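All chains are named by letter (A, B, ...) in the order of the sequence lines, taking the proteins before the strands, and each is independently numbered beginning at 1. Hydrogens, waters and symmetry mates are skipped; everything else that's a heavy atom, side chains included, is used. Just so it is clear, the model here is predicted, and its values are computed rather than measured.
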Amino acid sequence: MGWWDPRVQVGKLWLANKFSKATQIAEEKSPEARDLQAIIEAGGIRGRDLQKVKDAAETFGTFVNERIKSLVDELTKALPHGLPLQIDKETESAAQIVANQLLNLLPKQLMGQLAEPSKSSKPYVETAKQINEYWGSLTLVPEIVSGVTDELTEALTKCAVAYGVSANQLDAFRGRLAAIIELLPYVAKEEDTSKKLQVAAALLEKLPPIPENDQAVAT
Amino acid sequence: MAHRSELLRSKKTKKSPKVQGISESQSTSVKADFEPVLADLLLGNLSLGRFFCVSKDLLKDLTDKGIAYLRAGKCEDARKIFAGLAALEPNVATFHQLLGMAYEHSNRLREAEQEYSSALECLKEDKQKESIFMAYFARGSVRSRLGEVQKALVDFELAKRYESSSTRPLDKQLQAAVDGAVVRLTQGAF
């Protein structure tokens, strides 16, 4: 059963609802069951706590609601796989609608989000265009990528010092560069962006190392 | 743009490449203007997507490609694409949400939860109720898998709060499906 099987999505929801109700019943029906609930709440329903839950169910077996016991058994079987237990056809049909809607809606939402100027980037659009013209267009000639990145690295390093960019911030910048470089195999080589991603890769190599402590880069 | 031969000659004769028509002194002045912007690039206030002027069409194409990988079960390819897109444009919620899905599919639940949280941070409450609903729903699902039931239920409750405020027909269909599923699941649990 794969991720896109709608039963997986609905199964997770089902599990959450069922489990919540189980703890509620445990508290109401039997004082002893509160111990089970305490264990459940303390350990959550993570795999490593399942044995504790099972042990508790056996210990308090005569006091615990039969349905809670069966729930614990079901949880034990289901949770390691993260899969739903029983899904009726009606629910499955509804889940299919949800899954399909999600996949259809997300790309549409994307276009709306891209159409809105980013709140933080808006003031820089024009300058970014100038920068792109100055450095970006040159990257269309692969042979001079090295020269571009040398100059860009120098400018960025200078800015990092002048503006007191911290090691953490520089590390985050490196992380973003590393992430966009992974797009390279998925971008056509003739695309301008492909060349720019190569600049990003070279930048990542050339940026100075991060200081060990979290002080400003300026030294 | 300068011709290739001129650019190559420029590289050989000068330390750094120059755009045609920009003199050495102008170049220095231009670069000085860039400094605050470059600083904001480092600080994350300017996105790499804007800096490199990546087109919206390319972002859309890559998104479609990532979704195709996700549908085909090629999670690692999908993850790389959505992680790259989220790094290019960190303020676009959809990239975080799709990256969350890729992580969730790979059973990397903490990272999925983090991406759904990032998506929620990007969304504007007044305009994007539908997206907020879906992000809460997704995060709630992840949290239920992590065993954080109370947190999950809070997310589901928040999702339902936004669910009720959408008005478009498509949204109503989605709302009806989720509401119906929740009711049946709750009733069928015991």
For residues [X] and [Y], determine if any side-chain heavy atom of one lies less than 4.5 Å from a side-chain heavy atom of the other.
{"X": "A:Y163", "Y": "B:L38", "result": "no"}
{"X": "A:F173", "Y": "B:L48", "result": "yes"}
{"X": "A:V187", "Y": "B:D61", "result": "no"}

Next on the checklist: With a 3.5 Å distance limit and no angle check, can you tell me whether A:R176 reaches the backbone of B:L42 through a side-chain donor-acceptor pair?
Outcome noted: yes

Checklist entry - Does a side chain donor of either A:Y186 or B:D77 reach within less than 3.5 Å of an acceptor in the other side chain? => result yes

Below 4.5 Å from any heavy atom of chain A, which atoms of [X] appear? Answer side chain, backbone, both or neither.
{"X": "B:Y69", "answer": "side chain"}
{"X": "B:A93", "answer": "both"}
{"X": "B:L62", "answer": "side chain"}

Nearest 0.5 Å please: distance from the [atom1] atom of [X] over to the [atom2] atom of [Y].
{"X": "A:L177", "Y": "B:L41", "atom1": "CG", "atom2": "CG", "result": "7.5 Å"}
{"X": "A:L197", "Y": "B:L88", "atom1": "CG", "atom2": "CG", "result": "7.0 Å"}
{"X": "A:L183", "Y": "B:K65", "atom1": "CG", "atom2": "NZ", "result": "10.0 Å"}
{"X": "B:K80", "Y": "A:L184", "atom1": "NZ", "atom2": "CG", "result": "11.5 Å"}

Checklist entry - Of all heavy-atom pairs between A:A179 and B:A83, which one has the smallest distance, and what is that distance? => result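 Taking A:A179 first and B:A83 second, the nearest heavy atoms are CB-O, 3.8 Å.
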
